[in-house]
Number of protein chains: 2
Amino acid sequence: MTTAALGSRTLAHPARDAVRLEAVLHALSDPVRLSVVLDLAAADGELPCSYFDLPVTKSTTTHHFRVLRESGVVQQAYRGTAKMNALRRADLDALFPGLLDSVLGAARLQADRLEHV
Amino acid sequence: MTTAALGSRTLAHPARDAVRLEAVLHALSDPVRLSVVLDLAAADGELPCSYFDLPVTKSTTTHHFRVLRESGVVQQAYRGTAKMNALRRADLDALFPGLLDSVLGAARLQADRLEHV
DNA sequence: GTCAAACTACGAGGACTCTCGTACAATGAG
DNA sequence: CTCATTGTACGAGAGTCCTCGTAGTTTGAC
């Protein structure tokens, strides 16, 4: 259809107050999603889904980004054919001070630790 | 049997180096287990399983404590008929500095937030 | 209009999770 | 020994999760 009515290509995000710690921890407990969050934090801005080189198919990639969005970890928006992703840093830091940074730090430490074969 | 051979009533714990961030985050992403960890942190010491008043049966309680132990979050040991539980603070702080405290802080903040009906 | 790129929707399989009930084992008190 | 307390083992059901393949939509470039 050509009538791009409002909401046609819009994505549902939980409001800040609706974000739940349990859901955030669950979202971060998957290796694929954790690596995505790590990249997003390093980029410090928007990245398209196609930027990520994940060890899963496109379908599964869509699934993981949806989990990240619905848990409140990332903000998503369409831009042309791409879907841009950004960490919801302000929201997460306001709700759970220090949590995101300590998870990111822990993930980096563990990556270093496991590299030392 | 009366021959209490070594390992008879011993519990398997992951070594510090075997603790995985993903497993810890998953363990903490369940409401029942998160409340247990909150109580253990407040107690700052050992607590028997029977101390906790969880909204699940004994079987399910056993399951949740096993998840916490196998992920490396808690240390367990039998003492008489009781099974004592303690947070593995030193290990967690060494592996993932600040993580446990920020999760605990986030959990308390969210509890306060959700109480304000 | 045609085409490629990016992403989605749907359905499905297999694994894991949370939950329970029942029956059982280990311990310490009497 | 008997008994109550504490926790386990086992099996099972319902639900969720991660994964995929195939077919489709949306967009922008040509």
Side-chain angles (χ1 to χ4, degrees), chain A residues 1-13 20 22-37 46-71 73-86, chain B residues 1-13 20 22-37 46-71 73-86:
Chain A
M1 66 169 150
T2 52
T3 61
L6 284 184
S8 150
R9 210 154 144 75
T10 322
L11 293 159
H13 291 77
R20 291 290 171 272
E22 295 87 341
V24 170
L25 293 177
H26 173 250
L28 298 177
S29 73
D30 179 276
V32 173
R33 292 192 294 260
L34 188 55
S35 81
V36 167
V37 171
E46 287 186 328
L47 288 178
C49 290
S50 58
Y51 169 88
F52 302 88
D53 187 29
L54 304 177
V56 293
T57 63
K58 283 196 299 176
S59 306
T60 305
T61 299
T62 297
H63 160 71
H64 284 306
F65 275 103
R66 178 167 45 229
V67 172
L68 287 172
R69 169 170 49 84
E70 292 181 345
S71 64
V73 175
V74 308
Q75 171 80 225
Q76 294 188 297
Y78 290 104
R79 175 122 22 118
T81 61
K83 189 187 211 173
M84 306 303 290
N85 302 272
Chain B
M1 64 169 150
T2 52
T3 61
L6 283 184
S8 150
R9 209 154 145 76
T10 321
L11 293 158
H13 291 78
R20 291 288 171 273
E22 295 87 340
V24 170
L25 293 177
H26 172 251
L28 298 177
S29 73
D30 179 276
V32 173
R33 292 191 294 259
L34 188 55
S35 81
V36 166
V37 171
E46 288 187 326
L47 287 178
C49 290
S50 58
Y51 168 88
F52 301 88
D53 186 29
L54 304 176
V56 293
T57 63
K58 283 194 302 174
S59 306
T60 305
T61 299
T62 297
H63 161 70
H64 284 306
F65 275 103
R66 179 167 43 230
V67 172
L68 286 172
R69 171 171 49 84
E70 292 180 346
S71 65
V73 175
V74 307
Q75 171 80 224
Q76 295 189 296
Y78 291 105
R79 174 122 22 118
T81 61
K83 190 187 211 173
M84 306 303 290
N85 303 273

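Throughout, protein chains are lettered first and strands after them, A, B, ... in sequence-line order, and every chain is numbered starting at 1.
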State whether Thr60(B) places a side-chain N or O below 4.0 Å from either non-bridging phosphate oxygen (OP1 or OP2) of dC18(C). no
Looking at dT19(D), I'd like to know if its phosphate oxygens (OP1 or OP2) sit under 4.0 Å from a side-chain N or O belonging to His64(A).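 Yes, such a contact exists.
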Sequence neighbours excluded, the answer for side chain to side chain contact (heavy atoms under 4.5 Å, CB included) partners of Thr61(B) is Leu54(B), Val56(B), Phe65(B)
Of all residues at least two apart in sequence or in a different chain, which pass the side chain to side chain contact (heavy atoms under 4.5 Å, CB included) check with Thr81(B)?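 Checked Thr81(B) against side chain to side chain contact (heavy atoms under 4.5 Å, CB included); zero matches.
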Contacts of Gln76(A) that satisfy side chain to side chain donor-acceptor pair (under 3.5 Å) - sequence neighbours left out: Arg69(A), Asn85(A)
What integer distance in Å separates [X]:[atom1] from [N]:[atom2]?
X: Phe65(A); N: dA6(C); atom1: CZ; atom2: P; answer: 14 Å
X: Leu68(A); N: dC17(D); atom1: CG; atom2: P; answer: 13 Å
X: Asp30(A); N: dA15(C); atom1: CG; atom2: P; answer: 18 Å
X: Arg79(A); N: dC7(C); atom1: CZ; atom2: P; answer: 12 Å
X: Leu54(A); N: dC18(D); atom1: CG; atom2: P; answer: 14 Å

Scan nucleotides 7-12 of chain D nucleotide by nucleotide, 5' to 3', and note B when protein non-hydrogen atoms come under 4.0 Å of the base, S if they reach only the sugar-phosphate, - if neither. BBB---
Is it true that Ser59(A) and Thr62(A) share a donor-acceptor pair across their side chains at a distance under 3.5 Å? no
Hey, does Arg33(B) reach any base, or is it just sugar-phosphate, or nothing, if we go heavy atoms under 4.0 Å?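 Counting heavy atoms under 4.0 Å across all strands, the contact made by Arg33(B) is with sugar-phosphate only.
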Salt bridge (Lys or Arg N to Asp or Glu O under 4.0 Å) contacts in which one or both residues fall within residues 46-66 of chain A, not counting sequence neighbours: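 Non-adjacent pairs meeting salt bridge (Lys or Arg N to Asp or Glu O under 4.0 Å): Glu46(A)-Arg79(A).
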Start at the 5' end of DNA chain D and walk down; is the nucleotide closest to His26(A) or to Gly80(A) reached first? His26(A)
Validation: residues 22-34 of chain B side-chain donor-acceptor distances under 3.5 Å, sequence neighbours left out:
residue, atom, partner, partner atom, Å
Glu22(B), OE1, Gln110(A), NE2, 3.0
Ser29(B), OG, His26(B), O, 2.8
Asp30(B), OD1, Val32(B), N, 2.8
Asp30(B), OD1, Arg33(B), N, 3.2
Arg33(B), NE, Ala27(B), O, 2.8
Arg33(B), NH1, His64(B), ND1, 3.1
Arg33(B), NH2, His26(B), O, 3.4

